[in-house]
Amino acid sequence: MPLQKWNTALYLRLSREDGDNKESDSISNQRTLLEQYILDHPEFILIDTYVDDGYTGTNFDRPDFQRMITDINTGRLNCIIVKDLSRFGRDYIGIGQYLERQFPVQGIRFLALNNNIDSLRGYDLTLPFMNVMNEQYARDISQKVRSAMKVRQKQGKFIGAFACYGYQKDPSDHNHLIPDPVAAQVVRRIFSLYEQGKGKLAIAKILNEEEVPCPSVYKQLQGDSYNNGRRLAGTSYWTYATIHRLLQNPMYVGTMVQGKAPRQSMHGKAKLASPDTWAVVDGTHEPIIERAQWDRVQSLLHQHTRSPNFEQNISLFAGVLRCGDCGRAMSKVTRHGEDYYCCGSYKRYGAKVCTPHWIPSRELEHIILNDLNLIIRSVQDLQAIEQECRSEVPRRNIDAQRRKLQAQLEQVRRRSQKAYEDYQDDLITKEELQRYRQDYRSHEKLLEGQIEALEVPQEDNSLDRPWIVTLLKTGELEYLDRVTVVETVSAIQVFKDGHIEITYTFDDDLRSLEIK
């Protein structure tokens with residue numbers, strides 16, 4: 001009888017964070033072992049090799065692991081071979097989901113050579129035991145690493161991946177910072193400009209006009225794979241926020257500040273900590289800014305602090321009007337006594353970033369009002385449609401809601417049945433089954449109650465809003481106000497060449513006024 005052929009993936013992983021042994025667990029050693037196994041067993045056909053070098057096993061957010069799962073889901077693979085279970089992962093729950101639930105359903109064979117694990121023979125009690133031990137080992141290593149990092153932070157040693165703008169890692173000691181000659185000069189100039197009375201926006205404009213690379217771009221030009229998650233997508237220029245943070249950074253006077261956003265647990269995300277828990281050590285590196293100038297600038301920053309009132313003078317098009325080229329919100333300005341809108345990037349940072357995109361406020365209001373009235377005039381017999389809407393729209397909405405709730409109810413019932421099947425197959429315990437079924441039953445009752453509530457007659461008041469009442473009386477909109485804009489306009493984009501794109505939203509009100 002011929003051997004079954006297996007379309008096989010070799011998965012390799014290594015991470016210092018997990019305490020992996022550099023020699024025995026090296027990528028090259030894993031590759032040699034797995035490729036030799038393939039050569040000795042002709043039933044395995046090597047389709048691809050997936051390598052995550054430098055990625056922790058405590059989660060599955062690894063690029064090549066996810067690529068491998070995609071290939072499994074598309075049917076390209078039906079077998080995975082790893083050196084040992086810890087190479088696949090160190091997350092006990094996640095591994096169990098893959099090996100005991102997902103892979104068996106998909107018909108995926110799994111082998112961990114050094115652990116003598118082959119899903120074709122079935123798993124025994126050693127599998128969950130090894131998973132727990134691997135996760136506990138990673139957890140222990142993670143705790144030790146965090147403790148060691150805290151000690152080094154308190155000693156004033158730099159442990160970050162990237163030095164802050166203005167500094168670079170000392171080639172002879174990566175835990176020590178030295179000034180970056182080019183960036184340090186820019187930092188000194190920023191402090192001097194601010195002390196001379198230039199505002200943060202003005203400083204950003206100056207640097208953009210001179211085409212000085214902003215910090216994130218400068219790091220990338222130095223060859224660092226740096227990404228600033230706080231930056232607006234697609235922007236690569238100096239901003240008010242960048243200047244503001246730089247002027248308040250005590251690193252520039254030789255004070256090391258670390259531990260601002262620590263990771264609380266092995267699987268947790270970084271969160272901003274209270275300032276009294278930060279690791280702050282003075283005199284750890286050469287200052288870029290003299291202490292006297294630093295003190296003067298901090299005093300000026302406090303003097304200029306104000307709390308803007310965003311409730312006043314809300315623009316008619318706030319939240320919907322954007323530059324069609326750079327994506328930033330348009331700003332309202334007054335020129336020669338008339339209100340205009342212009343690109344927010346241009347207003348803040350100058351012509352090096354974007355162009356003005358000027359459009360008079362009155363002209364934009366006229367365009368939107370005329371466009372809405374053109375749509376309204378294409379609707380025949382508003383009064384008849386109003387009556388139809390009042391009688392039929394609520395019914396249609398109720399029917400749609402019922403179908404949605406019924407589908408959710410069926411899904412909950414299927415999950416309840418699936419839990420019972422898992423219990424029958426010894427995939428979950430009796431206690432887990434009872435807990436699951438109790439949760440599902442509670443959800444069922446909630447959905448059944450919502451379905452019953454739909455049978456109670458409800459009055460629809462969506463057409464009784466002031467602007468719609470006026471519309472039904474006069475047959476057109478007489479003027480634009482904030483409420484009308486919010487309820488009818490989804491987005492307005494103004495482009496460099498002068499053309500405007502308007503997206504309307506008629507989900508609640510005008511959608512029901514079908515255009516004939």
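In this chain, numbering begins with 1 at the start of the sequence shown. Keep in mind the model is a prediction, meaning the values are calculated, not measured.
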Would you please name every residue forming a side chain to side chain contact (heavy atoms under 4.5 Å, CB included) with [X], sequence neighbours left out?
| X | value |
| --- | --- |
| L39 | Q36 |
| A241 | T239, R245 |
| T355 | H357, K496 |
| P213 | V217, Y218, L221 |

So which heavy atom on [X] is nearest to which on [Y], and how close?
| X | Y | value |
| --- | --- | --- |
| M68 | A9 | SD-CB, 4.1 Å |
| S331 | G344 | OG-CA, 3.6 Å |
| G166 | A184 | O-CB, 3.8 Å |
| W6 | G107 | CZ3-O, 4.3 Å |
| A163 | F158 | CA-CZ, 3.8 Å |

Rounded to the nearest 0.5 Å, how far apart are [atom1] of [X] and [atom2] of [Y]?
| X | Y | atom1 | atom2 | value |
| --- | --- | --- | --- | --- |
| S119 | F103 | OG | CZ | 9.0 Å |
| R328 | C343 | CZ | SG | 8.0 Å |
| R189 | I206 | CZ | CD1 | 6.5 Å |
| T70 | L77 | OG1 | CG | 10.5 Å |
| I178 | D170 | CD1 | CG | 4.5 Å |
| Q30 | L113 | CD | CG | 10.5 Å |

Under the rule for salt bridge (Lys or Arg N to Asp or Glu O under 4.0 Å), what residues qualify as partners of E35, not counting sequence neighbours?
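E35 satisfies salt bridge (Lys or Arg N to Asp or Glu O under 4.0 Å) with no other residue.
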Taking salt bridge (Lys or Arg N to Asp or Glu O under 4.0 Å) as the definition, give me every residue that meets it alongside E501, ordered by chain and number, with sequence neighbours left out.
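Per chain and number, E501 pairs via salt bridge (Lys or Arg N to Asp or Glu O under 4.0 Å) with no residue.
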Is any side-chain heavy atom of [X] closer than 4.5 Å to a side-chain heavy atom of [Y]?
| X | Y | answer |
| --- | --- | --- |
| T503 | V489 | no |
| F88 | N115 | no |
| L10 | R31 | no |
| D118 | R109 | yes |
| P181 | Q168 | yes |
| N249 | C164 | yes |
| L301 | Q298 | yes |
| I190 | I243 | yes |

Would you please name every residue forming a ring pair (Phe, Tyr, Trp, His ring centres under 6.0 Å) with F495, sequence neighbours left out?
H499
[X] (side chain) donor-acceptor with [Y] (main chain) under 3.5 angstrom:
| X | Y | value |
| --- | --- | --- |
| R13 | R87 | yes |
| R322 | A491 | no |
| H244 | Y240 | no |

Residues R76, D48: salt bridge by 4.0 Å N-O rule
yes
So among D282, V280, L177, which one has a side-chain contact (heavy atoms from CB on, under 4.5 Å) with M256?
L177
V51/I27 under side chain to side chain contact (heavy atoms under 4.5 Å, CB included): CA gap, chis, key distance, verdict
CA-CA 8 Å; V51 181; I27 294 296; 3.9 Å; yes
Just to verify, what does [X] make a side-chain hydrogen bond (donor to acceptor under 3.5 Å, both in side chains) with, not counting sequence neighbours?
| X | result |
| --- | --- |
| Y11 | D52, R62 |
| N78 | none |
| D64 | R67 |
| N73 | Q106 |

Could you walk me through whether Y237 and L207 pass side chain to side chain contact (heavy atoms under 4.5 Å, CB included), step by step?
CA-CA 9 Å; Y237 48 84; L207 297 177; over 6 Å; no
Test side chain to side chain contact (heavy atoms under 4.5 Å, CB included) on N114 and L33 and set out the steps.
CA-CA 10 Å; N114 285 1; L33 174 69; 3.9 Å; yes
Show your working on side chain to side chain contact (heavy atoms under 4.5 Å, CB included) between L111 and I117 and close with a plain yes or no.
CA-CA 5 Å; L111 297 91; I117 289 176; over 6 Å; no
So with a 6.0 Å cut-off around CG of D61, is the heavy-atom count from everything else above 12?
no
Of all pairs that satisfy ring pair (Phe, Tyr, Trp, His ring centres under 6.0 Å), the ones with a partner from residues 167-191, not counting sequence neighbours:
Y167-H285
Run Y165 and W238 through ring-ring contact (aromatic ring centres under 6.0 Å, His included) and show every step you take.
CA-CA 13 Å; Y165 181 75; W238 290 90; 5.7 Å; yes
Checking ring-ring contact (aromatic ring centres under 6.0 Å, His included) for the pair Y98/F60: CA distance, chi angles, key distance, verdict?
CA-CA 11 Å; Y98 279 112; F60 294 98; 5.1 Å; yes
